[in-house]
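A quick note: this is a predicted structure, and the numbers were derived from the prediction, not measured.
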There are 2 protein chains.
Amino acid sequence: MNSEFIIAVHSLVLLAHKPDGMASSEEIAANVCTHPARVRKVLGFLRKNGYVTTREGSGGGYRLCIDPSDMTLADIYRTMAAGAITPNWCSGNPEMDCMVGSNMQEVMNSVFCGAEKQLESYFQGITIGQMLSRIKACQKT
Amino acid sequence: MNSEFIIAVHSLVLLAHKPDGMASSEEIAANVCTHPARVRKVLGFLRKNGYVTTREGSGGGYRLCIDPSDMTLADIYRTMAAGAITPNWCSGNPEMDCMVGSNMQEVMNSVFCGAEKQLESYFQGITIGQMLSRIKACQKT
DNA sequence: CCAACTGTAACTGGTAATATTACAGTAACC
DNA sequence: GGTTACTGTAATATTACCAGTTACAGTTGG
């Protein structure tokens, strides 16, 4: 899976956890363990999709603008990592004489298309709010 | 997805399609569009898992030794690409003070563990025999 | 012995992913 | 109005991974 998916999810959970729902790219980067520039890039995508608002300038940063229980991992997957499990490497070749070799790409494609749908429906069942609950549950033990 | 998974599936479908169920690495490689050495490596794994038998020496090659309708993509996934969708990149750090940053790895891990299971159950419903049927269906149109 | 294979390991080159740097633009605050 | 603290974005290392390739030892049939 795409690391940008991870960064997006982690950032949103962090924002959901903060009392004021706000944080700067530097603060998020320290928590995620990556570079602030990457965080800005990822959260820029999330802004364009309406999941966070940003404020530039001093005292600025990112703020969650959707209820954490209304945002699922499927939303984030579609935004940040659609097609991530479909391989970029292709076997066979449609020009080929052999029936197997010439049609494998198409069949393989339909298989992974189904796999994507399967994965999305799984992610559909997990919200940012639930992620936060799970984290709290970890903490207690 | 791992390209070795693709090569494995393609090779097995090809073997299932051949009347005598047998082919050399060179023949398979030409059909898959890759190098014979890669095919030998992949089919070596399949041999170790009991899906094909090999014969070295002149006139040798690979032969399917399981009924195509008994072999599912899930079997191949577990052999060739287990953990393929779980990211190798980790956010957060268990040593961290913050509750979110310190527990994110564990929670993210459980999420992807579930995703793997979901994917496997999808692959469980697709056999090599069905793949071959789908290819034949493509050919007709 | 020779030819045709498999089984492996090692090396190469290209490409994708991550980290880093840099700087223009913007807003708060004194 | 200047300074400080941010975002937005592009460009540039740097690293890691992956497919392709080569090479050669081992095996088998003729």
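- For the pair L46(A) CG and dT9(D) C1', the interatomic distance rounds to 16 Å; values are reported in whole Å.
- Distance CD (E4(A)) to P (dA19(C)): 11 Å, rounded to an integer number of Å.
- Atom CG of N2(B) is separated from atom P of dA19(D) by 7 Å (rounded to the nearest Å).
- Of the listed nucleotides (dA9(C), dG20(D), dA10(D)), dA9(C) has the atom at the smallest distance from the side chain of A37(B).
- Rounded to an integer number of Å, the gap from CZ of R55(A) to P of dG8(D) is 12 Å.
- Rounded to an integer number of Å, the gap from E56(B) CD to dC24(D) P is 19 Å.
- If you check dT7(D), dG20(D), dT6(C) against the side chain of Y62(B), the one that comes closest is dT6(C).
- The line from CD1 of I135(A) to CE of M104(B) is 3.5 Å long, rounded to the nearest 0.5 Å.
- For the pair L43(B) CG and dC5(C) C1', the interatomic distance rounds to 13 Å; values are reported in whole Å.
- Considering only side-chain N and O atoms, R38(A) lies under 4.0 angstrom from the phosphate OP1 or OP2 of dT18(C).
- For S24(A) and dC6(D), the shortest distance from a side-chain N or O to OP1 or OP2 is not below 4.0 Å.
- Distances shorter than 4.0 Å separate none of the side-chain N or O atoms of T34(B) from OP1 or OP2 on dA19(D).
- Applying the 4.0 Å criterion to OP1 and OP2 of dG7(C), one finds that T54(B) has a side-chain N or O inside that range.
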### Task
Begin from the C-alpha positions of S25(B) and R38(B) and carry the test side-chain hydrogen bond (donor to acceptor under 3.5 Å, both in side chains) through to its verdict.
CA-CA 9 Å; S25(B) 66; R38(B) 285 202 81 197; over 6 Å; no
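- Distance from the side chain of R47(B) is smallest for dG7(C) among the nucleotides dA19(D), dA19(C), dG7(C).
- Between W89(A) and G61(A), the residue anchored closer to the 5' end of DNA chain D is G61(A), taking for each the nucleotide with the nearest heavy atom.
- One can place CD of E26(A) at 13 Å from P of dT21(C), the figure rounded to the nearest angstrom.
- From I126(B), atom CD1 reaches atom CG of L73(B) across 5.0 Å, with rounding to the nearest 0.5 Å.
- The closest donor-acceptor contact from the side chain of Q105(A) to the backbone of G92(A) lies under 3.5 Å.
- Residues F5(B) and F123(B) bring their aromatic ring centres within 6.0 Å.
- Rounded to an integer number of Å, the gap from K41(A) NZ to dA19(C) P is 12 Å.
- Proximity of S25(B) to the phosphate of dT6(C): a side-chain N or O atom is located under 4.0 Å from OP1 or OP2.
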